[in-house]
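Report on the following structure.
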Amino acid sequence: MDEVKEDMEVAGDKYRSILNEEAKSTQWRHGGPPIFDKVNKLFEEGRTKEWPKGSIEETVQNAVKSWEMELSHKTSLNDFKTINPEKFRLIVNGRKGLSGEETLQLGSYNALLKNSLPKEFQYYRADEETFKSSHDAFRSAFPRGFAWEVISVYSGPPVVAYKFRHWGYFEGPFQGHAPTGEMVEFYGIGIMKVDEFMRAEDVEIYYDPAELFAGLLKGPVLTAIAETQQNKSAATSSSQHCPFSE
């Protein structure tokens, strides 16, 4: 989830149309708008649904992709087009809601993976990770990105309920575990309250993190030397975007 210059030279994306309308004054985390070519390819090759253009499913899918893009790549809520900054809250698995600023500071991974389990039982310790370290860890694990699709939409605006699927190929090391090359995926439910401009006010996400970590912790534990070599290999092949934003 963090960028190299050649991946940011041209804005525009068919799944994140707001990239076609960005102002020159937009404050980008890595100096310019991201390019999602690699993860879009993964998405198109691996999706289980191809929604008709203009359908509610396509609209919701693209809205969430755009929201995730902004969260991972913009540094000021004033530049966000997909949320209502004054009302926004992110609620994950019933935990206390996070404001827009809190979510932006934590980053999507840490916001989605925080939990209250005793530390010895935590697969991932979000409190010990920064925005950058969390994005680096998952970018390393998923060099081609972490694709996201809508499986079903159960209700339309103003309260949108949907089922989603997240997947990628574990081809780089993750926190000391060797990659398996296997697909890692999980499913979840989202409930998003939007205003009259389709900007998110409340976003609730429910999913089982164990589905994700069962795949990521499956690989054997690496030695320090082997992990360094794996990290270099993953960095070479990795596209510099946010995998969580498919």
Side-chain angles (χ1 to χ4, degrees), residues 1 10-23 26 33-74 77 79-85 87-93 100 103 108 111-112 142 144-169 183-208 211-212 239 241-246:
M1 282 187 168
V10 182
D13 187 278
K14 59 186 174 182
Y15 303 116
R16 304 162 187 83
S17 61
I18 60 172
L19 276 171
N20 304 324
E21 307 158 3
E22 292 293 347
T26 298
I35 297 297
F36 291 93
D37 289 351
K38 285 191 176 181
V39 78
N40 284 348
K41 183 174 186 291
L42 178 67
F43 166 71
E44 290 168 357
E45 291 175 348
R47 60 186 167 187
T48 61
K49 308 282 186 178
E50 187 167 356
W51 301 112
K53 189 171 180 61
S55 65
I56 184 63
E57 291 87 359
E58 187 210 38
T59 300
V60 171
Q61 183 167 262
N62 291 353
V64 175
K65 287 176 185 285
S66 296
W67 168 68
E68 243 296 324
M69 178 278 296
E70 292 194 306
L71 178 60
S72 295
H73 295 283
K74 293 183 178 181
L77 286 185
D79 291 330
F80 278 49
K81 297 182 174 71
T82 60
I83 72 169
N84 182 329
K87 295 184 177 181
F88 181 82
R89 288 189 314 156
L90 174 64
I91 301 166
V92 181
N93 288 339
T103 305
S108 54
L112 289 164
F142 299 115
R144 286 188 278 164
F146 202 14
W148 190 96
E149 70 171 334
V150 160
I151 298 296
S152 301
V153 174
Y154 304 116
S155 63
V159 180
V160 182
Y162 56 92
K163 181 178 181 180
F164 66 86
R165 170 180 172 249
H166 237 320
W167 77 98
Y169 287 89
M183 184 173 70
V184 174
E185 66 179 345
F186 69 90
Y187 291 81
I189 297 293
I191 303 170
M192 180 167 56
K193 181 181 178 183
V194 299
D195 63 16
E196 64 270 28
F197 303 108
M198 282 295 289
R199 297 181 304 172
E201 295 183 344
D202 282 347
V203 177
E204 297 182 51
I205 303 294
Y206 297 93
Y207 75 106
D208 182 359
E211 285 190 83
L212 168 63
S239 64
H241 53 60
C242 164
F244 231 34
S245 54
E246 66 314 301

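Sequential numbering from 1 along the given sequence is applied to the chain's residues.
In this view, E21 satisfies the side-chain hydrogen bond (donor to acceptor under 3.5 Å, both in side chains) rule with no residue, not counting sequence neighbours.
Closest heavy-atom contact between A161 and S155: N-OG, 3.2 Å. Of all heavy-atom pairs spanning L90 and A111, the tightest one is CD2-CB, 3.9 Å. For the pair Y206 and N93, the tightest heavy-atom approach, listed with the atom from each and the gap, is CA-OD1, 3.2 Å. Taking all atoms of both residues into account, the shortest heavy-atom contact from G190 to I205 is CA-CD1, 4.2 Å. For E58 against P52, the heavy-atom pair with the smallest separation is CB-O, 3.7 Å. Taking every heavy atom of both residues into account, R165 and G46 meet most closely at NH1-O, 3.0 Å.
Summarising the geometry, atom CE belonging to M69 is positioned 5.0 Å from atom NZ belonging to K74; distances are rounded to the nearest 0.5 Å. Rounding to the nearest 0.5 angstrom, the gap separating the CD1 atom in I151 from the CD atom in Q61 is 8.5 Å. Note: H73 NE2 to F36 CZ = 4.0 Å, rounded to the nearest 0.5 Å. Note: T103 OG1 to W67 CH2 = 7.0 Å, rounded to the nearest 0.5 Å. Interatomic distance, OG1 of T59 versus NZ of K53, reported as 9.0 Å (0.5 Å rounding). From N84, atom CG reaches atom CD of E201 across 5.0 Å, with rounding to the nearest 0.5 Å.
The aromatic rings of F186 and H166 sit tilted relative to each other, their planes meeting at an angle between 30° and 60°.
Other residues, nucleotides and ligands contribute over 12 non-hydrogen atoms within 6.0 Å of the NZ atom of K81. Counting heavy-atom neighbours within 6.0 Å of R199 CZ, excluding the residue itself, gives a total above 12.
Judged by distance alone, the side chain of S152 and the main-chain N or O of K163 form no donor-acceptor pair under 3.5 Å. In this structure a side-chain-to-backbone donor-acceptor pair under 3.5 Å is present from E149 to K49. Checked by atom type and distance alone, the side chain of E70 pairs as donor or acceptor with a backbone atom of T82 at under 3.5 Å.
In this structure the side chain of W167 reaches within 4.5 angstrom of the side chain of F43, judged on heavy atoms. By the 4.5 Å heavy-atom criterion applied to side chains, W51 and V153 are not counted as neighbours. Between F142 and L42, the closest side-chain pair of non-hydrogen atoms is not below 4.5 Å. You'll find the side chain of E44 reaches within 4.5 Å of the side chain of Y15, heavy atoms only. Under the 4.5 Å side-chain criterion, counting only non-hydrogen atoms from C-beta, I83 is in contact with L77. Residues V92 and Y207 have side chains in contact (heavy-atom distance under 4.5 Å, counting atoms from C-beta outward). Between Y187 and I189, the closest side-chain pair of non-hydrogen atoms is not below 4.5 Å. For the pair D13/N40, a side-chain contact is recorded, criterion being any heavy-atom separation below 4.5 Å from C-beta on.
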